[in-house]
**Q** 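Below is a structure I'd like to ask you about.
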Amino acid sequence: MIPVPTAQLHRRVIGWFDAEARDLPWRGPSRTPWAVMVSEFMLQQTPVVRVLPVFAAWLDRWPGPADLAAVPAGDALRHWGRLGYPRRALRLHAAAGAIVEHHGGRVPNTAAELLTLPGVGTYTAAAVAAFAYGKRETVVDTNIRRVHARLVGGDALPAPALTAAEMRRAASLLPADDAESVQWNAAVMELGALICTARAPKCSQCPVLDACAWVAAGRPEPHYVPRGQAWAGTDRQVRGAIMGVLRDAAAPVIREVLVTNPVDLALGSPPETVVTPLLKLHRLNASREQLERSLDGLVADGLASEAPAGISLPS
DNA sequence: AACGCGTGGCC
DNA sequence: TGGCCAAGCGT
């Protein structure tokens with residue numbers, strides 16, 4: 001492998017980005033800081049293709065932070081739809097409230113201020129400051145971590161958790177110029193998403209293939225086996241099914257309907273809109289204990305609200 | 001510092 | 001088919 005100067009890496013990856021980047025709505029001329037922030041919340045652990053329709057409807061409904069802050073949290077949860085991790089909707093709603101309350105209704109333009117908002121961590125703060133405001137920030141997401149691990153580190157995959165050494169490496173690779181640093185961050189992220197993917201990377205299309213330390217080393221296997229995410233039988237699965245019922249319910253659902261298997265259920269027919277999600281919930285054959293525990297967890301997390309009339313999304 | 005947290009597409 | 005994976009965060 002012929003060592004390639006960092007400046008040339010910048011030029012080649014950004015050049016590739018200019019030619020090949022996807023035309024995503026949060027990058028276009030209609031981009032606002034709020035749109036960037038909404039997209040970053042939705043993209044946390046969620047693929048772009050699933051975010052696109054929800055993002056468009058969300059911004060149409062709530063064009064600015066004050067618009068979202070003015071409605072009940074339950075509205076945010078309902079319009080989050082099936083994006084997953086609904087606590088993100090709750091945090092985005094709370095962040096909108098904090099922006100109205102403490103920042104004059106404008107999305108903060110520094111990473112330090114952004115970090116104080118609920119649901120905004122190291123990555124999202126840096127990403128919003130960079131992509132919404134053109135700031136020079138060390139943006140490190142899972143795509144960037146993987147590209148750096150291969151291109152510079154010679155490893156198949158980054159470590160299981162983000163390390164301080166990785167942050168230093170990312171900072172050392174960042175172009176000095178503000179505008180160029182923004183392009184670099186976006187370009188490396190896009191390279192990781194489209195070419196330098198976790199499985200079956202498209203190395204033949206990579207603009208920096210000849211500079212890749214991992215390829216030069218003969219593409220060694222990962223140092224560890226990634227731990228799978230448990231799903232079947234977990235509280236997480238049950239919580240998801242309960243949220244599905246509550247999202248589609250036109251009225252509060254009484255606790256017994258949620259935690260009792262239909263064969264034991266001697267109640268009148270629940271509202272039509274609830275039937276399908278309810279069947280999905282009870283097909284899980286979760287124990288009453290697990291159903292109760294999961295429901296209590298949702299209430300404790302503020303994702304559901306319990307009143308004498310029954311359980312519903314929070315108001 | 002591990003762990004819990006939704007959802008669905010992909011090979 | 002089912003495990004893996006996706007622009008993380010909070011505790």
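Please read these numbers as outputs of a predicted model, since none were measured by experiment. First the proteins, then the strands, lettered A, B, ... as listed; each starts at 1.
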**Q** For atom P, what is the distance between B:dG8 and C:dC9, given to the nearest Å?
**A** 23 Å

**Q** How would you label the contact of A:Leu83 with the nucleic acid (heavy atoms, under 4.0 Å): base, sugar-phosphate, or nothing?
**A** base

**Q** Mind checking if A:Arg239 touches a base, just sugar-phosphate, or nothing, with heavy atoms under 4.0 Å?
**A** sugar-phosphate

**Q** Taking atom C1' in both B:dC5 and C:dA6, what distance in whole Å separates the two?
**A** 14 Å

**Q** Does anything in residues 47-78 of chain A pair up under ring-ring contact (aromatic ring centres under 6.0 Å, His included), and if so which pairs, sequence neighbours excluded?
**A** A:Trp26-A:Phe55, A:Trp58-A:Trp62, A:Trp58-A:Trp80, A:Trp62-A:His79

**Q** Can you find a side-chain donor-acceptor pair between A:Arg91 and A:Tyr85 that sits under 3.5 Å?
**A** no

**Q** Residues in side-chain hydrogen bond (donor to acceptor under 3.5 Å, both in side chains) with A:Gln205, at least two apart?
**A** none

**Q** Mind jotting down which residue pairs meet the ring-ring contact (aromatic ring centres under 6.0 Å, His included) criterion with at least one end in residues 157-208 of chain A? Sequence neighbours excluded, please.
**A** A:His10-A:Trp184

**Q** How far does the P atom of C:dC4 sit from the matching atom of B:dC3, given to the nearest Å?
**A** 16 Å

**Q** If each of A:Gly244 and A:Ala161 is mapped to the nucleotide of DNA chain B with the nearest heavy atom, which maps nearer the 5' terminus, i.e. the 5' end?
**A** A:Ala161

**Q** Kindly write out the residues that satisfy salt bridge (charged side-chain N to carboxylate O under 4.0 Å, His left out) with A:Glu306, not counting sequence neighbours, or none if the list is empty.
**A** A:Arg255

**Q** Spell out protein contact along nucleotides 6-11 of chain C as letters: B when the base is contacted, S when just the sugar-phosphate is, - when no protein heavy atom is under 4.0 Å; keep the 5' to 3' order.
**A** BBBSS-

**Q** If I pick the C1' atom on C:dA7 and the same atom on B:dA2, what distance separates them, to the nearest angstrom?
**A** 23 Å

**Q** Return the 5'-most residue of the pair A:Val49, A:Thr234 with respect to DNA chain B, ranking by each residue's nearest nucleotide.
**A** A:Thr234

**Q** With A:Glu20, which residues qualify under side-chain hydrogen bond (donor to acceptor under 3.5 Å, both in side chains), at least two apart?
**A** none

**Q** Counting any heavy atom closer than 4.0 Å, what does A:Arg247 reach on the DNA or RNA strands: base, sugar-phosphate only, or nothing?
**A** sugar-phosphate

**Q** Suppose the criterion is salt bridge (Lys or Arg N to Asp or Glu O under 4.0 Å): which pairs have a residue in residues 177-201 of chain A, not counting sequence neighbours?
**A** A:Arg22-A:Glu190, A:Arg27-A:Glu190

**Q** For A:Ser287 and A:Gln290, which I'm curious about, is there any donor-acceptor pair between the side chains at under 3.5 Å?
**A** no

**Q** For A:Arg239, check salt bridge (charged side-chain N to carboxylate O under 4.0 Å, His left out) against everything at least two apart and list the hits.
**A** A:Asp301

**Q** Below 4.0 Å from chain A heavy atoms, what is the first contacting nucleotide of DNA chain B and what is the last?
**A** B:dC3 to B:dG9

